[in-house]
Amino acid sequence: MALDDDYLNYPHRSYGMDQERYAWRKPEARKRCAWPGEAAVAAMIVVPLEFHMLNPAGKPFKHPGAMVTPYPDLRHYTTRDYGNRVGVFRILDALRDAKLKAVFPINANMLERVEPLVDRIVNDGHEIAAYGLATDKIHWGGLDPEEEKSWISQTRAAFDAFGLKPRTWMSPARQQSFQTLDLIAEAGFDVCLDWENDNVPIDMQTKHGIVRAVPLFNELDDRILLIDRRQSEDEWAAQILAARDLLAEEAPALAGKC
């Protein structure tokens with residue numbers, strides 16, 4: 001089959017990283033991080049809270065974790081509902097026992113559904129992040145900019161209605177369009193969890209100031225390792241600790257890592 005003449009034309013092609021959000025540079029030239037207490041490595045716990053509807057449109061693709069069998073997929077729906085109704089409270093209890101704090105990205109359309117859970121997260125001192133409007137509102141290159149801006153505005157308004165002022169943003173499916181960073185900066189978000197490069201936070205250039213990309217590593221995600229790759233919990237824990245040890249070993253030469 002013949003390809004269209006413009007198939008290989010990419011309008012964002014440029015020197016380095018094919019984008020203007022941050023400059024390419026060697027590890028030695030990265031901005032040096034200084035963590036509290038001169039720590040070599042900083043780590044974060046991120047617990048995403050998602051509402052998966054029974055009939056997702058799936059455009060341009062279904063969110064990971066969306067329903068998978070013909071409508072109504074009640075088996076998978078109730079499994080996800082269990083997580084938001086029961087499982088997450090076990091995680092909150094474990095975090096409290098360990099005296100640890102976490103980031104909880106929450107879909108805006110989920111806030112009213114789980115108000116007691118939101119109260120518990122806030123009262124326990126955890127950070128709440130905006131996880132976009134809904135799992136079925138996925139940001140992508142073909143999305144109309146005005147529609148995307150509306151989604152982000154609706155997301156901010158939903159959190160405002162709950163008296164919440166999150167500064168951290170994570171996109172549904174961690175998927176962005178070319179203008180997502182500009183739009184979330186305009187809406188008052190200055191931290192983003194969608195990007196995962198460099199082992200250090202990166203200052204991303206936007207039309208409305210800096211958005212700091214804090215790397216959240218998909219390769220250490222529990223869903224990837226425990227479900228997709230069928231590893232044990234002990235193997236998962238060992239990989240996290242091995243990653244910590246490697247980053248700590250590199251830190252003296254390259255400054256703090258995360």
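All values below come from the heavy atoms of this structure, side chains included, with hydrogens, waters and symmetry mates left out. In what follows, residues are counted from 1 in the order of the sequence shown. As the structure is a computational prediction, the values presented were derived from the model and not from experiment.
- Annotation: ring-ring contact (aromatic ring centres under 6.0 Å, His included) contacts of Phe89 (sequence neighbours excluded): none.
- Checked by atom type, the side-chain pair Ser153/Ser150 shows no donor-acceptor distance below 3.5 Å.
- Sequence neighbours left out, the pairs with a member in residues 93-128 that pass ring-ring contact (aromatic ring centres under 6.0 Å, His included) are Phe104-His126.
- Under the rule for a side chain to side chain donor-acceptor pair (under 3.5 Å), the partners of Arg90 that lie at least two apart in sequence or sit in another chain are Tyr82.
- Heavy atoms from other residues, nucleotides or ligands lying under 6.0 Å from CD of Glu147 number more than 12.
- There is a side-chain donor-acceptor pair under 3.5 Å between Tyr22 and Asn197.
- Going from atom CD1 of Ile240 over to atom CG of Asp245 covers 12.0 Å, rounded to the nearest 0.5 Å.
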Distance-only donor-acceptor pairs under 3.5 Å for side chains of residues 158-167, two or more places apart:
{"residue": "Asp160", "atom": "OD1", "partner": "Lys165", "partner atom": "NZ", "Å": "2.9"}
{"residue": "Arg167", "atom": "NE", "partner": "Asp190", "partner atom": "OD1", "Å": "2.9"}
{"residue": "Arg167", "atom": "NH2", "partner": "Asp190", "partner atom": "OD1", "Å": "3.3"}
{"residue": "Arg167", "atom": "NH2", "partner": "Asp190", "partner atom": "OD2", "Å": "3.0"}

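- With rounding to the nearest 0.5 Å, the separation of OG1 in Thr168 from CD in Glu127 is 4.0 Å.
- Screening residues 128-153 for ring-ring contact (aromatic ring centres under 6.0 Å, His included), with sequence neighbours left out, gives His139-Trp151, His139-Trp169.
- With sequence neighbours left out, Glu38 forms a side-chain contact (heavy atoms from CB on, under 4.5 Å) with no residue at all.
- Atom CG of residue Leu74 and atom CG of residue Leu54 lie 5.5 Å apart, to the nearest 0.5 angstrom.
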